[in-house]
Number of protein chains: 2
Amino acid sequence: MKLSAKTRYGVRAVFDIAFQTQNCPGVAVPAKEIAEREKVPLRYLEQIFQDLRRAGLVESKRGPRGGYFLKRPADKTTLADLVVALEGVSAGLFASDARSDDAELGKPASAEVTCALWEELDGVVQQWFQQVTMDDLVKRGNALGLGRDDTLNMYFI
Amino acid sequence: MKLSAKTRYGVRAVFDIAFQTQNCPGVAVPAKEIAEREKVPLRYLEQIFQDLRRAGLVESKRGPRGGYFLKRPADKTTLADLVVALEGVSAGLFASDARSDDAELGKPASAEVTCALWEELDGVVQQWFQQVTMDDLVKRGNALGLGRDDTLNMYFI
DNA sequence: CAGGTACCCTACCTACCCGATAGGAAACGC
DNA sequence: GCGTTTCCTATCGGGTAGGTAGGGTACCTG
């Protein structure tokens, strides 16, 4: 009953990109910088970004001046997208295991009731995930007065 | 991002008692019967019931004719009670881990935003858990026409 | 009071998976 | 071509979920 560190790292990482590049969308942010700011092991963060890239949420640019940037605008990427990409579950965060209980020969008497229950919970949670966009988080960051790294904005002077 | 089998088993077990004794509340249901109906390993189910008993959700009676029965009426026991008792988390199902990220020296830049996020999610989920009672589940079971075991009602003829 | 029933307590074990580290290859920019 | 940065794969240690086991204790019945 908890989110994996992978997902939490991933949310922080994507938020970091969205926040840092809110004035210059599409600019690549190197993983190294993100790792330092967000206190995520670099080599582990790289793996996370691979998952995000394969899921079509970020794109990458190699070599100097390379890094990662959002494929879609920040208000089109939801927490649900991240969770699905990183938690490794397509649909049914809670219900999935309950299903396997039935699959085994001889389903429990109360399966009809409890399975429906977990699916409802899934619905509630997924709906909540879907209505939180990265842009929402950026706005929150601004409201809290979080600091941006200047190096990115340099090129806009 | 999933409930443990322990919690799922526990929900089924408590539902089983509530459902079987809906016409004769307070009658003890032996673990052995529950284990068979709900397809839960008996020795494991016993452990689960110990947690539930210590949490004050069920009471037990030893010896022949013994078993477990609900301490409170079914409409006063919520899913939240069960989850707290079995998942081993007092408060903060999601937020707990995010906290420890901060605790480590050098908190990530986005901690202010993301921690608040997980706490909100906690709130949503916990609220949902709190508004589902065992009695609700019993009603669902009846609506679905689930079968009760006759042996308990025998004594009411 | 004897013996079976059923709960109770503690220890232990094992397979899985999360989180992380590592090595090296491929692309890119200057 | 040389440094930078992403990309791919393998590996690995530790924690824990899930279940087994053994023995004890209360209770009822005959």
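In what follows, every chain begins at residue 1, and chains take the letters A, B, ... in the order their sequences are listed.
- Rounded to whole angstrom, the span from the CG atom of L45(A) across to the P atom of dT6(D) amounts to 9 Å.
- One finds a side-chain N or O of R53(B) lying less than 4.0 angstrom from the OP1 or OP2 phosphate oxygen of dC9(C).
- Residues forming a side chain to side chain contact (heavy atoms under 4.5 Å, CB included) with R72(B) (at least two apart in sequence, or on another chain): L57(B), K76(B), T77(B), D81(B).
- Pairs passing the ring pair (Phe, Tyr, Trp, His ring centres under 6.0 Å) check and including a residue from residues 14-37 of chain A, sequence neighbours excluded, read F15(A)-F19(A).
- Distance NZ (K39(A)) to P (dA20(C)): 14 Å, rounded to an integer number of Å.
- Across all strands, Y68(B) comes closer than 4.0 Å only to sugar-phosphate atoms, never to a base (heavy-atom distances).
- Remark: E46(A) pairs with L42(A), R43(A) by the side chain to side chain contact (heavy atoms under 4.5 Å, CB included) rule, at least two apart or across chains.
- The distance between atom CD1 of I17(B) and atom C1' of dC7(C), rounded to the nearest whole Å, is 13 Å.
- Atom CG of D51(A) and atom P of dT6(D) are 15 Å apart (whole Å).
- Using a 4.5 Å heavy-atom cutoff, the side chains of V27(A) and F69(A) are not in contact.
- S60(B) has a side-chain polar atom (N or O) that falls below the 4.0 Å cut-off from OP1 or OP2 of dC8(C).
- A rotation axis mapping the C1' atoms of four pairs onto the next four is fitted at both ends of the helix from dC1(C)-dG30(D) to dC30(C)-dG1(D) over five pairs, and the angle between these axes is 20° to 10 degrees.
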Contact pattern, 5' to 3', of nucleotides 24-30 of chain D - B, S or - by protein heavy atom under 4.0 Å: BBBBB--
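- In this structure, CD of E59(A) is placed 15 Å from C1' of dA27(C), rounded to the nearest angstrom.
- Scanning for salt bridge (charged side-chain N to carboxylate O under 4.0 Å, His left out) contacts around K6(B) gives D51(B), with sequence neighbours left out.
- Counting distance only, with no hydrogens placed and no angle test, the side-chain atoms of E46(B) and the base atoms of dC7(C) include no donor-acceptor pair under 3.5 Å.
- Shown here are the side chain to side chain contact (heavy atoms under 4.5 Å, CB included) partners of T7(B), two or more places apart in sequence or in another chain: L3(B), S4(B), V11(B), V83(B), L86(B), E87(B).
- Take D75(A) and apply the salt bridge (charged side-chain N to carboxylate O under 4.0 Å, His left out) test, not counting sequence neighbours, and it matches no residue.
- By the side chain to side chain contact (heavy atoms under 4.5 Å, CB included) test, Q47(B) pairs with Y44(B), sequence neighbours left out.
- Salt bridge D135(A)/K139(A): present, at least one basic N to carboxylate O contact under 4.0 Å.
- Rounded to whole Å, the distance from CD on Q50(B) to C1' on dA11(C) is 15 Å.
- Here R140(A) pairs with E120(B) under the salt bridge (charged side-chain N to carboxylate O under 4.0 Å, His left out) rule; sequence neighbours left out.
- For residues 106-129 of chain A, there are no ring pair (Phe, Tyr, Trp, His ring centres under 6.0 Å) pairs, not counting sequence neighbours.
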Polar atoms only, N or O, under 3.5 Å: list the protein pairs with nucleotides 14-21 of chain D and their distances.
{"unit_1": "dG18(D)", "atom_1": "OP1", "unit_2": "A5(B)", "atom_2": "N", "d": "3.2"}
{"unit_1": "dG18(D)", "atom_1": "OP2", "unit_2": "A5(B)", "atom_2": "N", "d": "3.0"}
{"unit_1": "dG19(D)", "atom_1": "OP1", "unit_2": "Y9(B)", "atom_2": "OH", "d": "3.4"}
{"unit_1": "dG19(D)", "atom_1": "OP2", "unit_2": "Y9(B)", "atom_2": "OH", "d": "3.3"}
{"unit_1": "dT20(D)", "atom_1": "O4", "unit_2": "Q47(B)", "atom_2": "NE2", "d": "2.5"}

